[in-house]
Amino acid sequence: MSQSPATPLLDTVNLPADLRKLAPEQLRQLADELRTEMISAVGTTGGHLGSGLGVVELTVAIHYVFNTPDDKLIWDVGHQAYPHKILTGRRDRIRTLRQGGGLSGFTKRSESEYDPFGAAHSSTSISAALGFAVANKLQGQPGKGIAVIGDGAMSAGMAYEAMNNAREAGNRLVVVLNDNDMSIAPPVGGLSAYLARIVSSRPFLELREVARKISRKLPEPLHIAARKTDEFARGMAMGGTLFEELGFYYVGPIDGHNLDHLIPVLENVRDAAEGPCLIHVVTQKGKGYAPAEASADKYHGVQKFDVITGEQVKAVAKAPAYQNVFGETLAKLADSDPKICAITAAMPSGTGVDKFAKAHPDRSFDVGIAEQHAVTFAAGLAAQGMRPFAAIYSTFLQRAFDQVVHDVAIQNLPVRFAIDRAGLVGADGATHAGSFDITYLATLPNMVVMAAADEAELVHMTYTAALYDSGPIAFRYPRGNGVGVPLPEVPQQLEIGKGRIVREGTKVALLSLGTRLAEALKAADVLEAKGLSTTAADLRFAKPLDTDLIRRLMASHEVVVTVEEGSIGGLGAHVLTMASDEGLLDAGLKIRTLRLPDMFQDHDNPDKQYDEAGLNAPQIVDAVLKALRHNSAGVEEARA
Ligand SMILES: Cc1ncc(C[n+]2csc(CCOP(=O)(O)OP(=O)(O)O)c2C)c(N)n1
């Protein structure tokens, strides 16, 4: 019997142990309440909506059947874990999601023992779950590894690398394939088509069947039975699926919103004598919330919204988003250059490649979540005379670093890297911050690395990259909207390795790379008002450095400060190395490097993050004043 609406079941469930006290017939009501709570919370905070709504029943069922946290539940990407957070002691903070000091929008080890493994980049869950399972096996302790992975995440090679190795875990590994036939965008490629074929060719397991067929323990009886009857083989343990070939017992497809089906199947998998098992669950992204059901891609991630109408709060944009400036510029350039093509790894709208695809569908490639493949595919295209632009977020390009080194840079192939979401990104936090690309790219021989100071510069850099056939070239730009400068009618080809002086002074030189230029200019105003004549330069290139310009500024200014939206090892390190190599430091030059701090910064609003990083105008001013004071104090002390 369900309780009256006056006493919500959800109020009685703080932890999964409370959930396990409920009768199976109460779970439907609980799931409905959980869904309502999640919609209300994300309406307040914004965040990932569609994916979490799709796994409400799955979340309830897994925590009901498995013994979390001893059984380790690992959500791939972690963006669908909001219902999981509500059921694992975090309901009281669920309206702080993605806010400074609040809950992370992904799973995070430091947040809860129910988040055994942090995530945000996709396709890691099976490897991690396997690690937990094998560790428990080796240490002789109970506990399974349960990975819940989406069909989109299944396009990444890492998922197959893990499955290839999964037999190590025996029955301690359970993979739940959450198939909602969506990535952020519609899924692409052969695997997606394969899953669709499985789902369309085999009816959902019906309750009657589930009860009859899994009354015996998985997998042994099923396996024997599967050999006996065709009908059985089609319905339940289907030899011949890719997953079976990889050594899994495959169970499915199952309606992932039907708790009467999910619970007995999960119980049988839990009690299976052998393994590993893969349960193929079919769900709907956005389930139970009409606006999200109707437009799964638009409700993947949302701003705050009105729960009744589904209308999202729109920020008033003063300028176009960087990604769209890039996509539209590239589309225009490709009108007259048939060699230009664009590649995205499952982020067509996030990277602006959708704009390019509209104009040039035959030269646009969404390869799925497969950054490594995207880079080497681009290398092959370049080697055969095309002009490929691999448009990948800074954080996701990390995954393809060896491909950048081995397939692109060593062979000096002219792959163009359009690196979006460079610098701090706000609510998505440390996992999504584009902190390292200057460092990991500018260290490579042959590589050219640019950073756009504003959206007009991005147009010039896109054009410059299109014309550059001598080797790999990368240009980075931040998340969000431009600063509102007019876009150039005619793009300018930038001279490789040359920066520009934006404001000329005599005492302090600020060497900026990227969109901190605006802060550097604000700082210059403040310094000027204090009587410190200040130069601001936009270096444009982290590699090759404009050594002439830097040398000149070092020789003619008392203090030189580099400013960049990147980690240690980037522009500042290159400038310091150059200065030291050339003996410029010996003359007592006061040089400081402002960069991201040596820590993983938590989610917050980007301006606050940059404050914490010390990269806003007041901190630039402070660094200059300290350099002047510190050095003069130092000199005085030395004299005394
Ligand atoms: C390596 C990597 N590339 C890209 C992304 C961006 N991303 C986040 S969720 C997502 C779609 C995942 O689809 P799926 O696994 O099917 O989960 P769903 O959202 O449909 O539940 C993508 C592409 C990511 N998180 N990690």
Side-chain angles (χ1 to χ4, degrees), residues 38 47-59 74-84 104-107 118-127 147-159 175-189 191-192 195-196 199 256-257 280-287 292-293 295-302 323 343-351 353-354 366-375 390-401 403 419-421 425 427-434 479:
M38 186 190 150
H48 290 101
L49 183 66
S51 309
L53 290 178
V55 296
V56 165
E57 287 79 10
L58 200 52
T59 307
I74 298 166
W75 295 97
D76 204 273
V77 183
H79 64 314
Q80 74 292 63
Y82 303 177
H84 159 84
S104 162
F106 302 96
T107 50
H121 290 202
S122 89
S123 318
T124 60
S125 61
I126 305 178
S127 299
V148 183
I149 181 166
D151 54 303
M154 278 295 232
S155 58
M158 197 174 165
V175 175
V176 179
L177 168 55
N178 172 34
D179 183 359
N180 57 21
D181 199 27
M182 274 302 274
S183 188
I184 292 180
V188 294
L191 182 90
S192 160
L195 293 179
V199 172
H257 301 300
H280 184 179
V281 171
V282 177
T283 61
Q284 182 182 9
K285 204 157 178 165
K287 176 76 177 176
E293 284 187 9
S295 183
D297 55 344
K298 293 206 179 66
Y299 282 82
H300 175 89
V302 294
Q323 73 224 38
I343 301 155
T344 173
M347 309 297 284
S349 68
T351 55
V353 167
D354 58 346
D366 180 351
V367 298
I369 306 180
E371 289 80 6
Q372 295 158 300
H373 159 64
V375 170
I392 300 178
Y393 290 8
S394 168
T395 189
F396 299 142
L397 187 60
Q398 286 163 197
R399 186 164 276 205
F401 185 56
Q403 283 73 8
I419 303 180
D420 203 320
R421 299 333 190 243
V425 295
D428 280 333
T431 54
H432 279 54
R479 181 178 203 278

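Read the numbers this way: they start at 1 and go in the same order the structure lists the ligands and their atoms.
- In terms of polar-atom proximity, defined here as any N/O pair under 3.5 Å, Asp151 does make such a contact with ligand 1.
- In terms of N/O distances under 3.5 Å, ligand 1 is approached by Ala153.
- With rounding to the nearest 0.5 angstrom, the CZ atom of Phe396 is 10.0 Å from the OG1 atom of Thr344.
- For a threshold of 3.5 Å applied to N or O pairs, the pair formed by Asn180 and ligand 1 contains at least one separation below that value.
- Counting only distance, with no hydrogens or angles, the side chain of Asp151 and the backbone of Asn180 share a donor-acceptor pair below 3.5 Å.
- Residue Met182 has at least one N or O atom closer than 3.5 Å to an N or O atom of ligand 1.
- No donor-acceptor pair under 3.5 Å is formed between the side chain of Tyr82 and the backbone N or O of Met38.
- Residue nearest to atom 14 (P) of ligand 1, selected from Gly152, Gly286, Ser123: Gly152 (by heavy-atom distance).
- Glu371 and Ile392 make their closest contact through CG-CG2, 4.0 Å (heavy atoms, listed as atom of the first residue, atom of the second, distance).
- If you take NE2 on His257 and NZ on Lys287, they are separated by 5.0 Å, rounding to the nearest 0.5 Å.
- Proximity to Gly150 (heavy-atom distance under 4.0 Å) selects the following atoms of ligand 1: 14 (P), 15 (O), 16 (O).
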Distance-only donor-acceptor pairs under 3.5 Å for side chains of residues 427-434, two or more places apart:
| residue | atom | partner | partner atom | Å |
| --- | --- | --- | --- | --- |
| Asp428 | OD1 | Arg98 | NH1 | 2.6 |
| Thr431 | OG1 | Asp428 | O | 3.4 |

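- One N or O on the side chain of Ser155 and one on the backbone of Ile369 form a donor-acceptor pair closer than 3.5 Å.
- Here the protein heavy atom with the shortest distance to atom 5 (C) of ligand 1 is Phe396 CZ, 3.3 Å.
- Distance from atom 26 (N) of ligand 1 to its nearest protein heavy atom, with residue and atom name: Ser122 N, 2.9 Å.
- Residue Ile184 has no nitrogen or oxygen atom sitting less than 3.5 Å from a nitrogen or oxygen atom of ligand 1, judged on distance alone.
- In this structure, the side chain of Gln80 engages the main chain of Gly78 through a donor-acceptor pair within 3.5 Å.
- Ligand 1 has His300 within reach: a non-hydrogen atom of the residue lies less than 4.0 Å from it.
- Distances shorter than 4.0 angstrom occur between a heavy atom of Ser183 and an atom of ligand 1.
- Remark: His300 NE2 to Met182 CE distance equals 9.0 Å, nearest 0.5 Å.
- For ligand 1 and Ser51, the ligand atoms under 4.0 Å from any heavy atom of the residue are 18 (P), 19 (O), 21 (O).
- Scanning the protein for heavy atoms near atom 23 (C) of ligand 1, the closest one is Ile369 CD1, 3.5 Å.
- Here's the thing with Glu371: one of its N/O atoms is less than 3.5 angstrom from an N/O atom of ligand 1.
- Ligand 1 has at least one atom lying under 4.0 Å from a heavy atom of Lys285.
- Ligand 1 has Ala120 within reach: a non-hydrogen atom of the residue lies less than 4.0 Å from it.
- For the ligand labelled ligand 1, residue His48 lies outside the 4.0 Å heavy-atom shell.
- Between the CE atom in Met158 and the CG atom in Asp76 there is a gap of 9.0 Å [rounded to 0.5 Å].
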